[in-house]
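Throughout, protein chains are lettered first and strands after them, A, B, ... in sequence-line order, and every chain is numbered starting at 1.
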Protein chains: 2
Amino acid sequence: MDADKINEVREFNRFYTRTLQLTNKYHLGTGLTVLESRLLLEIYENKLQTANELVALLDIDKGYLSRVLKSLVKRGYIEQTIDNADKRSKLLTLTVLGHNTLNTINKRADQQVDQLFKGLSDQEINQVISAMDFIQNKVNLD
Amino acid sequence: MDADKINEVREFNRFYTRTLQLTNKYHLGTGLTVLESRLLLEIYENKLQTANELVALLDIDKGYLSRVLKSLVKRGYIEQTIDNADKRSKLLTLTVLGHNTLNTINKRADQQVDQLFKGLSDQEINQVISAMDFIQNKVNLD
DNA sequence: GTCGTTAGTTGTTTTTGTCAACCAAATACA
DNA sequence: TGTATTTGGTTGACAAAAACAACTAACGAC
């Protein structure tokens, strides 16, 4: 891949990180840190059930996670119940507060997306979205 | 903007943070933290000259920045010289080491981009890049 | 020259994260 | 079965990253 193209990708990366950083500050106004809101999200939307799964997914220290979860329990965002099938592990679920907070976060993120697309015509919005789609499908993960 | 589209954008955001932002972990293998490498980058490529400008751009605590800069000076990456036009402020420049390190970081980022695009045809690469271009031109910043 | 502002520093504290030792339940296996 | 190993999670001790507030010295306005 030649230098020009690499440069364009680099520039896009900077651009997008800069933009995303706005939409990434989900926690703002919710009393949660970025990590905490990520945990709620993974527990609820991706159906992760145990600390162990979170550790594997997020590549985070298990001791630290243990404390963060403890704090989330104390503050009423999640509940931990012992798994009867394996009494070492605790199953994580969101409380009503946790659920509502996650909704707030999502709503706020949506507003930021709206803000980002403000002033574009429907046709342009569709084009941006299909460009995103294209990138997502083409770029090599693993 | 309807829910479906917002959802796609949200997904793209997650995808993008997960993947391309990998190329943002510049610091790996250079002895610099992410913040430090960002500072070098802003000083050199964006021609920021004072701690004050960095504080404004990066929304970072000035006390903390002061210490980080001090450490970068001590470790030989940057130099601070008193601005004769305003003896309160110090002008920041990269040393040779700082400059070389920044080059290494950029090279490494380029390799990661290459890796990401591995296996795509030239035509596909061009399509991805023009999709990026399109997004960048259309999406509303500020 | 005095006063409010500004650039940067420093002391103190909080938050975030790492590392290693630990406990109890589960699994392996002789 | 009984013992050894592994696994899910907790805890203590510590290090690094970052926030907060008080401070100094130079600057600008008047």
Please round to the nearest 0.5 Å and tell me the distance separating atom OG1 of B:T93 and atom NE2 of B:H99. 11.0 Å
Measuring only between side-chain heavy atoms, which start at C-beta, is B:T50 closer than 4.5 Å to B:K90? no
Under 3.5 Å, is there a donor on one side chain and an acceptor on the other for B:N106 and B:E45? yes
Between B:E42 and B:R38, is there a donor-acceptor pair closer than 3.5 Å when you use the side chain of the first and the backbone of the second? no
Distance under 4.0 Å to a non-hydrogen atom of chain A counts as contact; along DNA chain D, which nucleotides mark the start and end? D:dT7 to D:dA13
Any donor-acceptor N/O pair, A:T95 side chain to A:Y77 backbone, under 3.5 Å: yes
CG-CG distance between A:N126 and A:D133, expressed to the nearest 0.5 angstrom: 11.0 Å
Between CD of B:Q136 and CD1 of B:I129, what distance do you get to the nearest 0.5 Å? 11.5 Å
Given protein heavy atoms under 4.0 Å, the one-letter contact record of nucleotides 4-17 of chain C, with B base, S sugar-phosphate only and - none, is simply --BSBBBBB---SB
With five pairs defining each end axis, the helix from C:dG1-D:dC30 to C:dA30-D:dT1 comes out bent, to 10°, by 20°
N/O donor-acceptor pair under 3.5 Å between B:R75 side chain and B:G31 backbone: yes
Check: A:S71 side chain, A:R67 main-chain N or O, donor-acceptor pair, under 3.5 Å: no
Any sub-3.5 Å donor-acceptor pair from B:Q115's side-chain atoms to B:Q111's backbone N or O? no
